[in-house]
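If you're wondering where the values come from, they're calculated on a predicted model, not measured in any experiment.
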Amino acid sequence: MRLDPINLHDYEARAKQALPHNSWDFIEAGAMDEMTTRRNRTAFEALTLRPRFLRDVSNRKLSTTVLGSEISFPVMVCPAGGHKIAHPDGELATARGAGMSNTLMMLSTSSHYSMEEVAGVATSPLWFQLYHRGYELTEMLVHRAEEAGFRAIVLTVDTPVPSPKERDQRNRYENPFPLGNFRATTEQMPEMSGTDEAPNWQPARVPPLTWQELEWLRGLTSLPLVLKGVRTAEDAHVASESGVNGILVSNHGGRQLDQTMSSIEMIPEVVAAVHGHAEVYLDSGVRRGSDVLKALALGARAVAIGRPLYWGLAVDGAEGVHGVLELLRKELDQVMAYCGQTNVEAVEPALVNIPNGWGPGRVAG
Ligand SMILES: Cc1cc2nc3c(=O)[nH]c(=O)nc-3n(C[C@H](O)[C@H](O)[C@H](O)COP(=O)(O)O)c2cc1C
């Protein structure tokens, strides 16, 4: 009998076998030379742990909160467009898997099931990820998300132009399913005809959302606002001055701008810049429980996973998403014990060695 996957790499290998080539490439690719995607891993590997022993670690608390919502451990599910490419139940399966693990799922604007359908099956907290594609669309999406019970709006800020993923260009990849949040519209809206990842949306036609319009966005809803994709002290500083409630430090898994820094490298300067005024989270490259612990030690409150959710879906639907999350939980619990840590909300900063040369050329005040 075949062994169950024992780590996320096993899920990745099995998903690759299960998925059609072009869908696999769409999920796995990074932008251009994929340097940022690789760096997300090498930077985690460059951080070493400084374990502490002879402490009582028999009880370890993994649960925490994000913007007041309880989650059973500090690993969440990233927003990612279109889960039907990995499993026919798409985001419904992902929401069920996240629910089985009692953790939070962020739902993409570009999901295949609508936000109302996903909210209908979710048993754990949901945040709605917003792509701004025009003021009226944004207003409609934010109001629907609030109505459907989503607990925060996550505005993705790092996609001003279509993604230069060359594998998709070579494969002439096109998203094969309609977008769930726009199914009720009689004609396919040109602004929404692709996802951020597809080459067929027309950003030039979209009225911009800048720091100036954030106030307008905040005025649309009483929900807290998280910015996804901020990765410099300068932008983090403006964000916290603007009253943003959370920052998800992310480089989109290296799928947008190539030749940028990894997310984990940027955590220290972003945490320093917000002075505790906003919660800081991380995604991009998290594959092991030790990655989670490293991010927490550097000041992140929680992390999130992107590609691994597709691997779980492709291997075993909702059970697979749950399986991926539970492996990370097990590994986090184990590495906490090894490192003398008993509470994810009070991880010691001295737990990691930070390599020389990390950090910005210049940090905003
Ligand atoms: C197939 C795919 C689709 C994605 N779609 C979106 C999206 O619609 N909105 C968004 O903000 N991020 C999107 N992302 C980025 C993820 O939210 C996340 O930043 C990234 O996957 C994290 O890196 P990791 O894959 O290394 O865990 C997508 C990622 C993947 C792999």
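In this structure, L155 and L217 have side chains that are in contact, with non-hydrogen atoms separated by less than 4.5 Å. You'll find the side chain of N22 stays beyond 4.5 Å of the side chain of D168, heavy atoms only. Here the side chains of Y131 and L141 are not in contact, with every heavy-atom distance at 4.5 Å or above. Between S101 and V324 there is no side-chain heavy-atom pair separated by less than 4.5 Å.
Judged purely by distance below 3.5 Å, without hydrogens or angles, the side chains of S222 and E146 pair a donor atom with an acceptor atom. Side-chain contact of N175 with H112: a donor-acceptor pair under 3.5 Å is present, judged by distance alone. Counting only N and O atoms by type, the side chains of S114 and E117 include a donor and acceptor under 3.5 Å apart. If you check the side chains of T65 and R301, you find a donor sitting under 3.5 Å from an acceptor.
Looking only at distances, a side-chain donor or acceptor of D56 sits under 3.5 Å from a matching main-chain atom of S58. In terms of modelled atom types and a separation under 3.5 Å, the side chain of N343 and the main chain of E345 share a donor-acceptor contact. Side-chain atoms of T103 do not come within 3.5 Å of backbone N or O of S72 as any donor-acceptor pair. Judged by distance alone, the side chain of H87 and the main-chain N or O of D89 form a donor-acceptor pair under 3.5 Å. Checking side-chain atoms of Y135 against main-chain N and O of P208 turns up a donor-acceptor pair under 3.5 Å. Listed for the R96 side chain is no donor-acceptor partner under 3.5 Å among the backbone atoms of A318. The backbone N or O of V244 lies less than 3.5 Å from no partner atom in the side chain of S242, so there is not a single donor-acceptor pair. Counting only distance, with no hydrogens or angles, the side chain of T138 and the backbone of G134 share a donor-acceptor pair below 3.5 Å. A distance-only check finds no donor-acceptor pair linking the side chain of D316 to the backbone of E319 [under 3.5 Å].
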Stepwise side chain to side chain contact (heavy atoms under 4.5 Å, CB included) check, E12 with R307: CA-CA 9 Å; E12 181 176 18; R307 291 177 184 86; over 6 Å; no

Working for side chain to side chain donor-acceptor pair (under 3.5 Å), residues E70 and S63: CA-CA 7 Å; E70 288 206 12; S63 63; 5.9 Å; no

Derivation and outcome, side chain to side chain donor-acceptor pair (under 3.5 Å), residues T94 and E91: CA-CA 5 Å; T94 315; E91 292 81 5; over 6 Å; no

Test log, rule side chain to side chain contact (heavy atoms under 4.5 Å, CB included), inputs E241 and H237: CA-CA 6 Å; E241 293 282 296; H237 179 70; 4.0 Å; yes

D158 and R231: CA distance, side-chain angles, deciding distance, salt bridge (Lys or Arg N to Asp or Glu O under 4.0 Å) verdict: CA-CA 9 Å; D158 65 0; R231 64 191 86 144; 3.1 Å; yes

Worked check of side chain to side chain donor-acceptor pair (under 3.5 Å) between S284 and N251: CA-CA 6 Å; S284 299; N251 56 36; 3.1 Å; yes

Worked verdict on V286 versus V75 for side chain to side chain contact (heavy atoms under 4.5 Å, CB included): CA-CA 9 Å; V286 174; V75 178; 5.7 Å; no

Trace of the side chain to side chain donor-acceptor pair (under 3.5 Å) decision for W216 with E139: CA-CA 10 Å; W216 166 80; E139 200 169 336; 4.9 Å; no

Worked check of side chain to side chain contact (heavy atoms under 4.5 Å, CB included) between V303 and L328: CA-CA 11 Å; V303 304; L328 287 174; over 6 Å; no

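Counting non-hydrogen atoms of other residues, nucleotides and ligands closer than 6.0 Å to CD of E116 gives a total above 12. In the displayed structure, K16 atom NZ is contacted under 6.0 Å by at most 12 heavy atoms of other residues, nucleotides or ligands. Atom CD of E147 has 12 or fewer neighbouring heavy atoms from other residues, nucleotides or ligands inside a 6.0 Å radius. For OH of Y338, the number of neighbouring non-hydrogen atoms (other residues, nucleotides, ligands) closer than 6.0 Å is 12 at most.
R329 and E326 are joined by a salt bridge, as a carboxylate oxygen and a charged side-chain nitrogen come within less than 4.0 angstrom of each other. Of the charged side-chain nitrogens involved, none lies within less than 4.0 Å of a carboxylate oxygen, so that K165 and E34 do not count as a salt-bridged pair. Salt bridge absent: R39 and D258 never bring a charged side-chain N and a carboxylate O closer than 4.0 Å.
In this structure, R255 satisfies the cation-pi test against F26, with its NZ or CZ atom closer than 6.0 Å to the six-membered ring centre and inside 45 degrees of the ring normal. Geometrically, K294 does not engage F44 in a cation-pi contact, judged by NZ or CZ lying under 6.0 Å from the ring centre and within 45° of the ring axis. A cation-pi arrangement, defined by a distance under 6.0 Å to the six-membered ring centre and an angle within 45 degrees of its axis, is absent between R14 and Y11.
Taking OG of S110 as the start and CZ of R133 as the end, the distance is 7.0 Å to the nearest 0.5 Å. To the nearest 0.5 Å, atom SG of residue C78 and atom CD of residue Q129 are 10.0 Å apart. Atom CZ of R288 and atom CG of L327 lie 9.0 Å apart (nearest 0.5 Å). The structure places CD1 of I153 at 9.0 Å from CG of L220, a figure rounded to the nearest 0.5 Å. To the nearest 0.5 Å, atoms CG (L298) and OG (S263) are separated by 12.0 Å. Interatomic distance, T109 OG1 to H132 NE2, rounded to the nearest 0.5 Å: 11.5 Å.
Remark: W211 pairs with no residue by the ring-ring contact (aromatic ring centres under 6.0 Å, His included) rule, at least two apart or across chains. Applying the salt bridge (charged side-chain N to carboxylate O under 4.0 Å, His left out) test to D333 and every residue at least two apart in sequence or in another chain returns R60. Legend: residues meeting side chain to side chain donor-acceptor pair (under 3.5 Å) with E213, ordered by chain and number and at least two apart, are T210. Listed by chain and number, the residues in a side chain to side chain donor-acceptor pair (under 3.5 Å) with E348 are R55, Q341 (sequence neighbours excluded).
Transitive grouping of hydrophobic side chains (ILVMFWY, heavy atoms separated by less than 4.5 Å) keeps V57 and V344 in distinct clusters. Linking Ile, Leu, Val, Met, Phe, Trp and Tyr whenever their side-chain heavy atoms come within less than 4.5 Å puts V274 and M261 in one cluster. One hydrophobic cluster, built from ILVMFWY side chains closer than 4.5 Å, cannot hold both V157 and L257; they sit in different ones. Note on M100 and V121: separate hydrophobic clusters, where clusters join Ile, Leu, Val, Met, Phe, Trp and Tyr whose side-chain heavy atoms are under 4.5 Å apart, directly or indirectly. W358 is connected to V280 through a chain of hydrophobic side-chain contacts under 4.5 Å among Ile, Leu, Val, Met, Phe, Trp and Tyr, so both are in one cluster.
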Could you list the donor-acceptor pairs under 3.5 angstrom formed by side chains in residues 46-54, with sequence neighbours left out?
{"unit_1": "T48", "atom_1": "OG1", "unit_2": "N353", "atom_2": "ND2", "d": "3.0"}
{"unit_1": "R50", "atom_1": "NH1", "unit_2": "A350", "atom_2": "O", "d": "2.8"}

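Ring geometry for F128 against F150 counts as perpendicular: the plane angle is over 60°, on a 0 to 90° scale with 30° as the lower cut.
Using a 4.5 Å cut-off between side-chain heavy atoms of Ile, Leu, Val, Met, Phe, Trp and Tyr, M76 falls into a hydrophobic cluster with V66, L67, I71, L104, M106, W127, V154, V226, L248, Y281.
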